[in-house]
Amino acid sequence: MLSELVPVLPEIVLLAAICGVLLVDLWVPAERRQVTYLLAQASLIITLVTLFVVQPEAPRVVLHGAYIADDMSLLLKAAILIITLLVFVYSRPYLEVRGMMQGEYLVLGLCGVLGMMIMASGYNLLSLYLGLELLALCQYAMVAFRRDSPRASEAAMKYFVLGALASGMLLYGMSLLYGMTGSLDIMEIHNQLVREGVDHLGLMLGMVFVVVGMAFKLGAVPFHSWVPDVYEGAPTAVSLYIGAAPKIAGFVLLMRLLVEGLGAMHAEWQVILAVLAVASLVIGNVVAIAQTNLKRMLAYSTISHVGFILLGVLAGTTQGYASATFYVIVYSLSTAAAFGMIVLLSRRGHEAEELSDFKGLNERSPWFALVMLFVMFSMAGVPPFAGFYAKLSVLRAVVQVEMVWLAVIAVIMSIIGAFYYLRLVKMMYFDERHDDAPLQQGRGFQAALSANGVAILALGFYPAALMSLCIAAVSW
Amino acid sequence: MPVEQITFWLFSAVLIASALRVITARNPVHSVLFLVLCFFTAAGLWLLLEAEFLGILLVLVYVGAVMVLFLFVVMMLDINLEPLREGFVRYLPLGILVGVVMIAQLALILGPGHFGEEYYAMPERAPADYSNTEHLGQVLYTEYLYHFEIAAVILLVAIIAAISLTLRKRPETTNYQSPSEQVRVGKSDRLRIVPMDSEKRE
């Protein structure tokens with residue numbers, strides 16, 4: 001029986017580390033808070049190492065079908081851990097300057113990572129749902145972290161109420177699926193649908209509720225209203241956390257539930273995802289043009305990227321799933337870098353979250369203006385950056401299944417979207433600067449941000465390495 | 001089984017009526033009490049479904065603990081509900097419309113047309129010595145151990161979140177008395193002798 005626990009070791013190690021961090025933080029005086037920070041980072045690294053050490057050769061389902069260790073869980077968990085590592089590096093100076101560097105931020109962040117890992121390995125409805133709730137609970141608390149800010153409290157309240165509603169929808173859909181198939185296991189549900197057919201309205205109803213719940217969590221239009229408010233209202237360090245890794249977790253939920261569980265209903269959910277994707281692409285890109293707040297603009301840009309991810313999933317081919325996986329990883333990397341730039345320009349008493357704060361950045365720091373240019377070009381889909389290849393492979397997958405009209409809409413919307421990304425680049429390079437403060441963040445921070453920017457460029461030049469991992473991850 | 005059916009209809013009717021009263025009652029304390037009634041009747045329905053453990057749990061945990069706490073909070077906070085009710089009448093038609101459409105759609109799909117007895121046979125009745133509690137106990141810590149542990153972590157997160165959001169360190173400037181210092185106070189702390197020239201009365 002104990003050998004059953006070996007694949008689950010990464011989660012067990014992380015949970016033990018969380019308890020350790022929680023206890024150590026209690027005894028660490030406030031001025032030596034970096035001890036907690038280093039412990040949190042160390043626990044992420046140890047978990048990452050454990051993940052690779054215990055990964056079984058072939059996909060393995062343990063704990064009575066509740067847990068799976070396969071290529072997809074390995075790839076996405078590794079991405080989640082590495083991106084969270086970056087996120088902690090970026091959020092540290094922001095929190096320290098504002099006196100918010102408390103153990104709770106790190107512990108809640110780590111618990112969220114645990115939730116994401118549980119989702120990435122969840123192989124029945126119950127573990128997927130519990131992982132999602134664990135993640136969501138951490139996020140609600142983190143958004144409300146700055147208690148004296150009315151904007152943050154409002155954002156947390158909205159997020160909490162809408163998130164609870166979405167969880168209710170998802171749970172109701174899951175209960176219907178359970179009622180119809182008599183099983184909570186993803187594999188069992190899949191087999192049941194293949195055996196008995198999918199011609200039942202009850203199944204459809206369950207599937208629709210599940211899709212709606214997931215669309216809420218991913219922030220797809222028309223369930224996106226919480227995204228801009230939360231991104232803007234939350235402290236930048238928290239928006240950074242929420243924007244990056246949890247999207248990977250939302251994506252893995254989509255893959256496990258819709259693709260692996262309800263794969264037999266592909267024709268039915270394809271239509272729904274197409275509507276969600278088109279609406280997300282249109283609203284995300286068009287409304288982002290009107291934003292002057294960078295965090296809000298990134299929120300709308302997230303919505304449009306979710307549209308692209310949905311496009312890849314709805315194609316329903318290995319190419320489509322692999323390109324969506326590639327897209328979500330690249331998206332998380334570039335979002336982390338974009339928020340990292342906001343932290344870089346912020347300082348005590350100044351939040352560099354307006355677009356105008358980036359004016360003339362090239363004169364202040366040519367290198368970081370270049371990094372921001374990498375990020376913006378990648379998000380806009382300009383070659384040779386990673387975002388270009390991600391968009392290209394999603395479009396190719398969509399064209400391959402002969403849904404050319406979807407690809408056409410996606411391209412048109414990307415061109416519209418390019419406007420607001422390029423506007424920021426224009427501001428950095430051609431506008432007068434009106435902020436002369438030197439960049440204050442330390443060497444480690446600058447190195448991480450530089451590495452992040454270079455990674456976006458490198459993934460654009462050599463996408464094959466990551467792409468082959470993505471293809472392996474979705475080849476069942 | 002007419003007795004069973006009568007019980008079902010009775011409990012269902014009370015459940016729906018009290019659920020409606022929860023949102024329409026003017027006095028928040030009444031709302032909470034109606035919610036208690038809701039939970040009681042729902043527990044009754046669960047007993048009918050032979051899920052006696054869940055039924056008892058609902059009464060013990062929700063009615064016994066959660067709702068009592070709720071009642072305390074509602075009484076202590078003294079919420080003025082009038083501003084919350086603004087726009088109730090204005091949005092009522094839209095709300096009713098959406099609600100009716102949703103109920104109609106769900107009824108169409110979940111009604112006997114698709115889930116009738118001809119599709120799904122009546123489940124077999126459990127024998128009299130069957131214990132729901134024992135069965136749950138057997139799977140909770142074996143088959144569902146993983147989920148049980150995750151639920152424990154969720155509770156841990158809830159504790160951390162609640163404490164970090166509500167615990168406020170008392171600011172250092174607050175004036176408070178220190179009895180030990182008061183006891184150890186000496187003459188020199190309280191009394192200052194100022195040398196002054198004596199004055200003569202004119």
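None of the values given here were measured: they were computed from a predicted structure. Per chain, numbering begins at 1; letters A, B, ... match sequence-line order.
Both the backbone and the side chain of B:Ile154 come within contact range of chain A, with heavy atoms under 4.5 Å apart. Both the backbone and the side chain of A:Leu134 come within contact range of chain B, each with at least one heavy atom under 4.5 Å from a heavy atom of that chain. A:Leu205 touches chain B through its side chain: at least one heavy atom from C-beta onward sits under 4.5 Å away, while N, CA, C and O do not. Only the side chain of A:Leu184 comes within less than 4.5 Å of a heavy atom of chain B; its backbone N, CA, C and O stay farther away. Looking at B:Ala158, the atoms closer than 4.5 Å to chain A (heavy atoms on both sides) sit in the backbone and in the side chain alike.
Within a 6.0 Å sphere centred on CZ of B:Arg190, heavy atoms belonging to other residues, nucleotides or ligands number 12 at most. A:Met157 CE: 12 or fewer foreign heavy atoms inside a 6.0 Å radius.
Heavy-atom pairs under 4.5 Å with chain B peak, among A:Ala141, A:Cys111, A:Ser127, at A:Ser127. Contacts with chain A were tallied for B:Leu145, B:Leu156, B:Leu106, B:Ile163; B:Leu106 has the most, counting heavy-atom pairs under 4.5 Å.
Within the structure, side-chain hydrogen bond (donor to acceptor under 3.5 Å, both in side chains) pairs that include any residue of residues 89-108 of chain B do not occur (at least two apart or interchain).
For residues 161-177 of chain A, a heavy-atom distance under 4.5 Å to chain B picks out A:Tyr172, A:Leu176, given by residue number.
Nearest heavy-atom pair across A:Arg147 and B:Leu165 is CD-O, 2.8 Å. Taking each heavy atom of B:His147 and A:Asn124 in turn, the nearest pair found is NE2-OD1, 3.2 Å.
Between B:Tyr146 and A:Ile118 the shortest side-chain heavy-atom distance falls below 4.5 Å.
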